[in-house]
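One structure below.
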Amino acid sequence: MNSINRRSVLLAGLGAAGTGLLAACSNDASSSPSLLSPSGSQVARTEKERTSTGTVHRLNLTAAPGMLDLGGGIMAKSWAFSGQAPGKEIRVSAGDTLAAELSNQLPGGTTTSIHWHGIALRSDMDGVPPVTQTAVRAGSNFTYRFIADTPGTYFFHPHVGVQLDRGLHAPLIVEDPKEPLSYDDEWVVVLDDWLDGVTGTPDEAFAELRQGMGGMGGMDMGGSGDASAPSGSTASSGHDMGHMSGMDMSGSGMDETTASPPASSGDGMSMRFMLMGATSPLLGGDAGDVKYPYHLVNGRVPTDPAVYTGKSGKRVRLRIINAGGDTAYRVALGGHKLTITHTDGFPVEHQQVDALLIGMGERYDVLVTLGDGVFPLVALAEGKDTVGMAVMRTGSGGTPKPTVRPAELDGRIVTASQLRAADDVRLEAKKTDRVHHIALTGSMNKYDWAINGKRYDMADPAANALLVEEGQRVRLDFVNTTNMWHPMHLHGHTYQLGDTGPRKDTTIVLPKRKVSVVFDADNPGQWMLHCHNAYHGEAGMMALVAYGA
């Protein structure tokens, strides 16, 4: 749970977009293609075609500052929905209509929104200012109303500035009325990296990061993530400063209750937030940018963990959501195997694993048959040498130590590229009608993250739009030219990895690697495509996928 007193760094042009609904606008309308309005007739037509149960779930979500209890006596001043983080779970059945009224009670005139992550909903309810709506002003309300017709594990969060890295997120579970899985119980598990109200705010972290390493006294940063560095060179580990003598920037000296003092770059510049030396072979090198004092599972620190109580021999479905801003997690349950059944809401051919790797914005559903005892559910912050932890208890025994590292963490790990879509959700083979090359560009040196070398401009959101037409089979070729990994998220659709891979909306693209995905353009409107690292996206690694009018 989280909340805080601080103004968000708003993107340029936010709130200045009038209605915020882009029809055919760029600064030069004569040279810009005509784009379908997010509230156009085609959008309304598609919504009417969705299977509806007629059931409407009405609820209120209040975004406001508050003091959040992270456990172990740790309190954090942050922002949250209705006073808790993660927020209260929303659960509906496929085909139900959600009518959620957002009340913005954030301080300092801060605007906000809600993005319904992973849901293929109507475009004008997607919650992306200024593209699909005007940002909701402080003291104002906005009602999101849409049919949630695809079962799965989803969540929701703001799409303004770096508000994602506060406590403003909560699970959204769309149940399948014809659920094919057999299990006795389920537990929703939300993973999160946390700094807000402890070492500073996400806005302060972003302000430091955006200086880039080039602004840190001209130091040699081991390649600084320069996109031009060859794969396998020293630079391939990004901003690795682990061998710089006399400079402890890892934050590893922190215990579970004390934040480390600000580090220095050696020339007096504060380095309170920038993380150095975090590397992971699973992530292809550099593991992350940001130093977090805590990693939470369901809003709790490892010294005072969230606990699931069940019975030995029972089969439990875990719905695991990574709501973090900058951290991939390697997740394992001590003494157990996990059977992956879904990723990003869609079923896959089942695979049994010891652990799974989950990037920001990704979700995985797994089945586990519980043993007898007390078991740590560990979320290792990949490459950052620290953990979040919860506990699954079926019998007597003490709580595992917060430093526990189950052997399963180093066992069989299956990534999305090794999964196959279940037969009933696999896209039929057909000719590709349109291909978009999506070069992921930028570096830590200038912190100039972008797509195709162009940083997204909120003041001109339709510029450089990636055009699609309704009914087309579209292929996106993600080519990561950088030395960092990026979880790439597409709004309003799910894509398929390759010919037979899983259906997903968020996919890890490793450094110097190419990932091709395909989707059917069957949801008219305007949709964001962006890195789900909150700080990379805010820096400009975003693009607009837009249907032509």
Side-chain angles (χ1 to χ4, degrees), residues 9 161-162 164-166 192-196 198-216 219 221-227 229 235-242 244 247-252 254 259-260 262-263 265 269-280 282-295 322-329 359-361 381-386 440-450 455 480 482-488 508-511 530-542:
V9 176
V162 287
L164 166 66
D165 214 18
R166 293 179 179 269
D192 195 16
D193 41 20
W194 193 267
L195 62 83
D196 197 26
V198 179
T199 54
T201 70
D203 287 339
E204 291 168 346
F206 181 64
E208 180 182 302
L209 290 169
R210 71 187 307 179
Q211 297 176 46
M213 289 187 172
M216 294 295 179
M219 296 162 42
M221 297 296 182
S224 303
D226 187 344
S236 68
S237 62
H239 46 295
D240 183 357
M241 299 181 65
M244 296 190 68
M247 297 178 62
D248 178 11
M249 298 183 183
S250 67
S252 59
M254 281 188 297
S260 65
S265 65
M269 294 187 69
S270 171
M271 296 187 70
R272 294 165 58 197
F273 305 104
M274 188 178 288
L275 180 65
M276 298 296 177
T279 60
S280 162
L282 280 178
L283 295 174
D286 196 326
D289 299 340
V290 181
K291 186 189 306 180
Y292 289 95
Y294 305 116
H295 294 273
N322 186 348
D326 178 72
T327 307
Y329 290 100
M360 298 84 76
E382 185 64 31
K384 298 184 178 183
D385 195 31
T386 186
L440 310 180
T441 59
S443 72
M444 280 299 296
N445 191 46
K446 296 181 180 179
Y447 217 77
D448 55 350
W449 306 112
R455 297 164 78 168
N480 188 351
T482 80
N483 286 316
M484 291 192 71
W485 68 285
H486 303 285
M488 297 306 297
I508 291 174
V509 185
L510 296 178
H530 64 95
C531 177
H532 219 270
N533 182 309
Y535 301 92
H536 293 183
E538 178 76 349
M541 191 174 273
M542 294 195 283

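Sequence positions, counted from 1, serve as the residue numbers for this chain.
- Taking both residues in full, the closest heavy atoms of N533 and D326 are given as ND2-OD1, 2.8 Å, listed atom of the first, atom of the second, then distance.
- A donor-acceptor contact shorter than 3.5 Å is absent between the side chain of T279 and the backbone of G285.
- Side-chain contact between M274 and E208 is present, with at least one heavy-atom pair separated by less than 4.5 Å.
- The minimum heavy-atom distance between L195 and D165, with the atom names listed, is CD2-OD2, 4.4 Å.
- Taking all atoms of both residues into account, the shortest heavy-atom contact from A534 to L164 is CB-CD2, 3.9 Å.
- The minimum heavy-atom distance between N480 and V509, with the atom names listed, is ND2-O, 3.1 Å.
- Taking CG of L283 as the reference point, atom NE2 of H486 lies at 11.5 Å (rounded to 0.5 Å).
- In terms of heavy-atom proximity, A287 sits nearest to K384 at O-CE, 4.4 Å.
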- Message: Run the side chain to side chain contact (heavy atoms under 4.5 Å, CB included) test on E538 and F206 for me, step by step, so that the C-alpha distance in whole Å, both residues' side-chain angles and the decisive distance to 0.1 Å come before the verdict.
- Response: CA-CA 8 Å; E538 178 76 349; F206 181 64; 3.4 Å; yes
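- Proximity of D448 to S443: side-chain heavy atoms (C-beta onward) are separated by under 4.5 Å at one or more points.
- At least one side-chain heavy atom of M484 sits less than 4.5 Å from a side-chain heavy atom of D289.
- Residues H295 and D192 have side chains not in contact (no heavy-atom distance under 4.5 Å, counting atoms from C-beta outward).
- Taking the side chain as every heavy atom from C-beta outward, Y535 and V162 approach each other to under 4.5 Å.
- Proximity of H532 to M488: side-chain heavy atoms (C-beta onward) are nowhere separated by under 4.5 Å.
- Here S280 contributes atom OG and D385 contributes atom CG; the two are 11.5 Å apart, rounded to the nearest 0.5 Å.
- Nearest heavy atom pair, residue P511 against residue G284, reads CG-O, 3.7 Å.
- Within the 4.5 Å cutoff, the side chain of R455 has no heavy atoms near those of the M541 side chain.
- Counting heavy atoms from C-beta on, the side chains of W449 and R210 never come closer than 4.5 Å.
- Judged purely by distance below 3.5 Å, without hydrogens or angles, the side chains of D286 and N483 never pair a donor atom with an acceptor atom.
- A donor-acceptor pair shorter than 3.5 Å cannot be found between the side chains of Y294 and D193.
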- Message: Under the criterion salt bridge (Lys or Arg N to Asp or Glu O under 4.0 Å), I'd like the reasoning laid out for E204 against R272: C-alpha separation, chi angles, the key distance, then a yes or no.
- Response: CA-CA 9 Å; E204 291 168 346; R272 294 165 58 197; 3.6 Å; yes
- Take H536 and H530, measure what side chain to side chain contact (heavy atoms under 4.5 Å, CB included) needs, and give me the verdict at the end. CA-CA 9 Å; H536 293 183; H530 64 95; over 6 Å; no
